[in-house]
Amino acid sequence: MSDPYNSPSTRMPAAVLNDTMVTTAPELPGHRIVRNLGLVRGITVRSRSIVGNFLGGLQTIFGGNISIYTELCEQAREETYRDMVAHARQLGANAIVAVRYDATELMSGLTEVLCYGTAVVAEPQPSAKPQ
């Protein structure tokens, strides 16, 4: 089995895959899915640093948003999203539907973040013509 992240693609994309073509919905409004290319994913495993834990601990004393952890989570989500989109592009997709995130604590202070969806080729549907 080849590595989808490092294998050259032999397929040509139908159109450019950009953020407007990625959705959590099972369908893409205004488009018709013409080919399902399968599951695509991005994954990262993150740990908190000693400094991050210390600063996070200080922020918990005052309550509210623990911004250092919020930033760490957002970086992990962004990284996994970019990897998922790159995976879909390598398969020749121009859209990703049914996108989800998942996170699992592997051990104390070590978290896996996964972003996954279904890579598809979608074509714009013709607009309904007024009668």
Side-chain angles (χ1 to χ4, degrees):
M1 183 171 163
S2 65
D3 179 355
Y5 291 119
N6 299 311
S7 300
S9 175
T10 57
R11 299 180 185 148
M12 294 300 294
V16 175
L17 172 55
N18 59 44
D19 290 341
T20 63
M21 298 294 281
V22 179
T23 181
T24 58
E27 299 175 347
L28 194 60
H31 291 77
R32 182 173 66 92
I33 295 173
V34 295
R35 195 165 70 226
N36 179 335
L37 301 174
L39 181 69
V40 288
R41 80 276 185 260
I43 186 171
T44 188
V45 177
R46 294 287 180 120
S47 67
R48 298 178 300 238
S49 69
I50 293 172
V51 173
N53 279 334
F54 176 74
L55 293 174
L58 287 177
Q59 285 185 327
T60 61
I61 293 171
F62 301 105
N65 181 28
I66 312 302
S67 60
I68 194 150
Y69 291 137
T70 302
E71 186 176 319
L72 178 68
C73 290
E74 186 54 39
Q75 288 172 355
R77 282 189 290 273
E78 178 64 28
E79 182 179 325
T80 59
Y81 176 85
R82 282 192 322 265
D83 288 348
M84 177 193 64
V85 170
H87 186 186
R89 284 184 179 135
Q90 288 176 346
L91 294 177
N94 70 342
I96 306 171
V97 296
V99 173
R100 302 289 184 264
Y101 284 96
D102 190 28
T104 304
E105 188 171 20
L106 300 174
M107 58 186 286
S108 182
L110 194 63
T111 303
E112 167 203 39
V113 178
L114 174 67
C115 183
Y116 61 96
T118 302
V120 298
V121 175
E123 294 177 346
Q125 289 180 331
S127 300
K129 295 180 183 174
Q131 297 191 23

Can you tell me how far the [atom1] atom of [X] sits from the [atom2] atom of [Y], to the nearest 0.5 Å?
{"X": "T23", "Y": "H31", "atom1": "OG1", "atom2": "NE2", "value": "11.5 Å"}
{"X": "T44", "Y": "E78", "atom1": "OG1", "atom2": "CD", "value": "12.0 Å"}
{"X": "L106", "Y": "E112", "atom1": "CG", "atom2": "CD", "value": "5.5 Å"}
{"X": "R41", "Y": "L39", "atom1": "CZ", "atom2": "CG", "value": "7.5 Å"}
{"X": "I43", "Y": "T80", "atom1": "CD1", "atom2": "OG1", "value": "9.0 Å"}
{"X": "Y101", "Y": "M84", "atom1": "OH", "atom2": "CE", "value": "6.5 Å"}

Quiz prompt | Whether R100 side chain and T24 backbone form a donor-acceptor pair below 3.5 Å | solution = yes
Self-check item: Any donor-acceptor N/O pair, N94 side chain to A122 backbone, under 3.5 Å
Solution: yes
So, do [X] and [Y] sit near enough that their side-chain heavy atoms are less than 4.5 Å apart?
{"X": "V121", "Y": "I33", "value": "no"}
{"X": "R35", "Y": "L37", "value": "yes"}
{"X": "V99", "Y": "C115", "value": "yes"}

Self-check item: Lys/Arg N to Asp/Glu carboxylate O, R77 vs E74, below 4.0 Å
Solution: yes
Practice problem: Before accepting this row, confirm whether a basic side-chain N of the pair E27/R32 lies closer than 4.0 Å to the acidic partner's carboxylate O. | Solution: no
Self-check item: Nearest non-hydrogen partners of I96 and A88, listed with the distance
Solution: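 So the two residues come closest at CD1-CB, 3.6 Å.
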Test of understanding: clusters of I, L, V, M, F, W, Y form through side-chain heavy atoms closer than 4.5 Å, transitively. Do [X] and [Y] belong to the same one?
{"X": "L28", "Y": "L91", "answer": "yes"}
{"X": "Y81", "Y": "V40", "answer": "yes"}
{"X": "V22", "Y": "V97", "answer": "no"}

Self-check item: Candidate pair E105 and T111, rule side chain to side chain donor-acceptor pair (under 3.5 Å), full reasoning
Solution: CA-CA 4 Å; E105 188 171 20; T111 303; 5.2 Å; no
Quiz prompt | side-chain contact (heavy atoms from CB on, under 4.5 Å) evaluation trace for R46 with V113 | solution = CA-CA 8 Å; R46 294 287 180 120; V113 178; 5.5 Å; no
